[in-house]
2 protein chains.
Amino acid sequence: MPTTIRDVARASGVHISTVSRAFSAPHLVNAETRTKVLETAEKLGYRPNRAARALITGRTHNIGLIVADIANPFFPPLIKAAEREARLRDYHIFVADSNEDVAVEEELVHALAKQVDGILLVSPRLANSVIEALSREAALVVVNRQVPGLPSVVMDVGHGARAAVDHLVGLGHKKIGFLGGPRGSWTNREIRKAVTSASQVRTGEVEIGVLGPNAPTEDGGIAAAEHVQRAGFTAVLAYNDLMAIGLIEGLDRLGVRVPGDVSVVGIDDIALSRLTRPRLTTVANPTAAAGRAAVDMLLQHGDDRRTTAQVSLATDLVIRDSTGPGPQGDADPGERGTPRAEA
Amino acid sequence: MPTTIRDVARASGVHISTVSRAFSAPHLVNAETRTKVLETAEKLGYRPNRAARALITGRTHNIGLIVADIANPFFPPLIKAAEREARLRDYHIFVADSNEDVAVEEELVHALAKQVDGILLVSPRLANSVIEALSREAALVVVNRQVPGLPSVVMDVGHGARAAVDHLVGLGHKKIGFLGGPRGSWTNREIRKAVTSASQVRTGEVEIGVLGPNAPTEDGGIAAAEHVQRAGFTAVLAYNDLMAIGLIEGLDRLGVRVPGDVSVVGIDDIALSRLTRPRLTTVANPTAAAGRAAVDMLLQHGDDRRTTAQVSLATDLVIRDSTGPGPQGDADPGERGTPRAEA
DNA sequence: GGAGCGACTGCAAAGGTTTGCAGTGGAACT
DNA sequence: AGTTCCACTGCAAACCTTTGCAGTCGCTCC
């Protein structure tokens with residue numbers, strides 16, 4: 001029923017191989033013949049059958065994209081950017097949701113491997129060794145994590161976290177908490193490393209305490225409010241914006257005001273963080289750029305196989321209303337870091 | 001390089017057709033033979049090649065899902081639910097983003113048609129006639145819209161909108177505005193119809209004014225604040241939560257307080273609406289259920305072809321903090337409708 | 001004891017496309 | 001004029017599965 005290459009061939013009086021070449025190897029066919037073929041193809045509404053093409057070429061022109069939770073506001077901008085970038089190159093994207101489950105994550109790679117040219121593993125929680133093993137089954141690009149020997153795209157959260165600490169120290173805070181994320185998160189480790197090794201900490205200028213692990217959700221933030229209060233932090237950097245927002249809510253319930261009593265900084269800059277009250281000071285992650293970059297890497301290293309480049313994208317501190325002067329209340333907020341201003 | 005059915009056949013000493021049947025028609029092969037085949041298949045890590053299977057059976061076991069904007073918080077829960085439902089039945093989902101562009105929307109259907117068993121068109125903006133034409137190219141299920149002759153899943157926003165009006169009238173509001181969404185939106189028409197034909201309007205008890213069309217975004221809401229103020233509404237129902245949140249922001253900038261001066265009701269109940277201040281009173285749309293139902297319809301009507309059922313899912317008013325007493329200030333908030341309470 | 005049946009398995013075609021190879025015709029070169 | 005080359009096109013195999021048909025074998029039934 002659907003038009004095939006054969007129909008086009010018959011209708012334009014050439015052999016099917018000529019039709020095939022008119023599409024996939026234009027320089028091998030006479031210009032005149034080619035336009036005629038393309039015209040009839042157009043007229044008949046012919047679209048090449050990708051399954052057949054994949055069968056013989058081994059390339060599906062599909063990409064798999066595996067995330068832990070589509071509904072987590074961190075991911076959609078990344079998915080959107082990746083999809084767009086892929087489609088510009090005539091690729092389509094399978095989106096799969098592991099539902100935060102490591103076993104599902106692994107199974108998804110198996111399931112997708114045969115029908116894609118490569119897979120984008122976003123924020124995977126699997127062990128390095130497992131990921132490495134999986135990479136023999138399908139070309140992988142890891143996003144938001146680094147795995148030895150595999151191409152990856154990460155955002156330099158360490159830098160952003162240090163900028164956040166600079167900002168807080170500049171505001172006069174001396175007792176800062178890091179509200180940690182889930183166990184096994186690469187990002188979480190990076191932030192913690194960056195924060196606990198910040199120069200101000202080493203000089204004893206400020207003290208940093210780590211709380212966690214916590215669920216990387218609003219509820220996780222709410223639940224942590226009590227611990228934050230008890231620990232006596234005057235400023236907190238949260239693993240992500242959702243937790244930061246939850247924390248603000250939780251503190252509010254305890255009668256602690258943000259930024260009056262405690263300053264809160266998030267990470268990610270999800271769309272939401274501009275809409276809450278107070279608007280959230282946060283480390284902006286270039287998720288869209290990461291999505292594009294990941295697709296780029298996957299498709300280019302399809303050719304020269306085994307590119308293991310590790311791309312790191314810059315992050316940026318966005319100062320809004322959830323951070324304010326520390327206990328002394330007289331510090332100059334602009335003295336450190338190179339924060340981005342925002343209207 | 002990858003293991004094929006042939007490798008399994010050789011390794012287990014049977015013909016390839018037996019291996020094939022061991023997977024796709026178990027009752028046709030001896031139980032003993034079958035387990036042996038499955039075992040060797042497992043050992044060799046064999047996964048059937050979907051492209052080859054699709055080529056001969058004509059079924060790809062893939063589904064296309066086209067939305068206007070993945071990053072719009074309305075969609076991810078729907079996508080997530082659809083993906084899950086699909087995978088439970090061994091289907092995979094192509095997600096595509098039309099970027100609010102009608103032409104892209106149409107092109108995506110063409111592009112996907114050949115490599116999927118059906119397409120979920122979510123909130124399409126295309127003309128009925130075009131959609132109908134497209135349905136000859138691929139099995140379609142329309143979500144969030146009704147198209148004559150096509151299966152669809154909608155949420156009964158009309159009911160929710162009326163409940164919202166009831167709620168507002170119960171609070172003593174007499175001059176209510178509807179902040180309309182984008183031109184061409186089916187949902188928008190439904191809400192407007194429901195609202196302007198509400199019984200209280202017909203009896204002259206309240207007056208309803210329509211503003212719009214507006215961009216269905218936060219900015220659209222912000223921009224509309226001035227018009228709302230000028231029109232003198234004491235309560236506003238917005239096309240969606242994003243606009244409602246924007247409107248609250250815009251009103252705030254004008255010194256108008258919500259819910260003190262003006263009450264605002266959203267539609268959708270996106271995750272965000274629980275996190276803003278004030279928390280948003282809104283019509284909860286069962287987007288996850290809609291995603292599941294749409295996949296259901298698509299896959300079941302794959303068999304008995306041409307089911308054109310139109311499913312309508314119930315909506316629900318969720319009362320939070322963005323609505324309060326009207327000008328008189330003495331009305332009983334609970335007197336009308338059957339709103340859902342929330343902690 | 002021969003026919004018939006049932007359970008199982010093998011054979012081979014088919015599905016739409018790509019691609020190495022061979023063939024054609026004409027132009028350029030010797 | 002004969003050779004070589006080039007641009008183009010046709011031929012047919014191959015990719016991996018599924019599936020209708022036919023074959024084998026051991027039973028049951030009359």
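The figures that follow rest on heavy atoms only: side chains count, while hydrogens, waters and symmetry mates do not. In what follows, chains carry the letters A, B, and so on, assigned in the order in which the sequence lines appear, proteins first and then strands, with residues in each chain numbered from 1.
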CD1 of A:Ile16 versus P of C:dT17: gap in Å, rounded?
8 Å
Is there any salt bridge (Lys or Arg N to Asp or Glu O under 4.0 Å) pair reaching into residues 12-40 of chain B, and which pairs are they, with sequence neighbours excluded?
none
Distance-only, no hydrogens or angles: does the B:Asp117 side chain make a donor-acceptor pair with backbone N or O of B:Thr60 under 3.5 Å?
yes
Using side-chain heavy atoms (C-beta onward) and a distance below 4.5 Å, is A:Leu121 in contact with A:Arg145?
no
Please figure out whether A:Ile56 or B:Val29 has its closest DNA chain C nucleotide nearer the 5' end.
B:Val29
Of all the nucleotides listed (C:dT18, D:dT18, D:dT17), which has the minimum atom distance to the side chain of A:Ser20?
C:dT18
Answer whether the closest heavy-atom distance between the side chains of A:Val122 and A:Leu65 falls below 4.5 Å.
yes
Give the rounded distance in Å between these two atoms: CZ of A:Arg59 and P of C:dT19.
11 Å
Nucleotide D:dA13, atom C1' - distance to NE2 of A:His15 in whole Å
12 Å
Out of C:dC8, D:dT19, C:dC11, whichever nucleotide has its closest atom nearest the side chain of B:Thr57
D:dT19
For A:Leu55 and D:dC15, give me the distance from atom CG to atom P, rounded to whole Å.
9 Å
How many whole angstroms separate atom CG of A:Asn49 from atom C1' of D:dT17?
14 Å
For a quick check of understanding: with a heavy-atom distance under 4.0 Å over all strands, which category does A:Val14 fall into, base, sugar-phosphate or nothing?
sugar-phosphate
Whole angstroms only, please: what is the CG-C1' distance between A:Asn30 and D:dG10?
15 Å
In whole Å, what is the span from the CG atom of A:Leu28 to the P atom of C:dC21?
15 Å
Under 4.0 Å, counting only non-hydrogen atoms across every strand here, what does B:Phe23 touch: a base, just sugar-phosphate, or nothing?
nothing
Do A:Phe74 and A:Thr287 have side-chain heavy atoms sitting under 4.5 Å apart?
yes
Report the residue (B:Ile5 or A:Thr18) whose heavy-atom-nearest nucleotide on DNA chain D is the more 5′ of the two.
A:Thr18
Can you find a donor-acceptor N/O pair under 3.5 angstrom joining the side chain of B:Arg21 to the base of C:dG10?
yes
Just to be sure I understand the rule, does B:Ser17 reach a base, reach only the sugar-phosphate, or reach nothing, if contact means heavy atoms closer than 4.0 Å?
base
Which whole-number value in Å describes the distance from A:Arg53 CZ to D:dC15 P?
19 Å
Selected nucleotide, minimal atom distance to A:Arg6 side chain, candidates C:dT9, C:dT17, D:dC11:
C:dT17
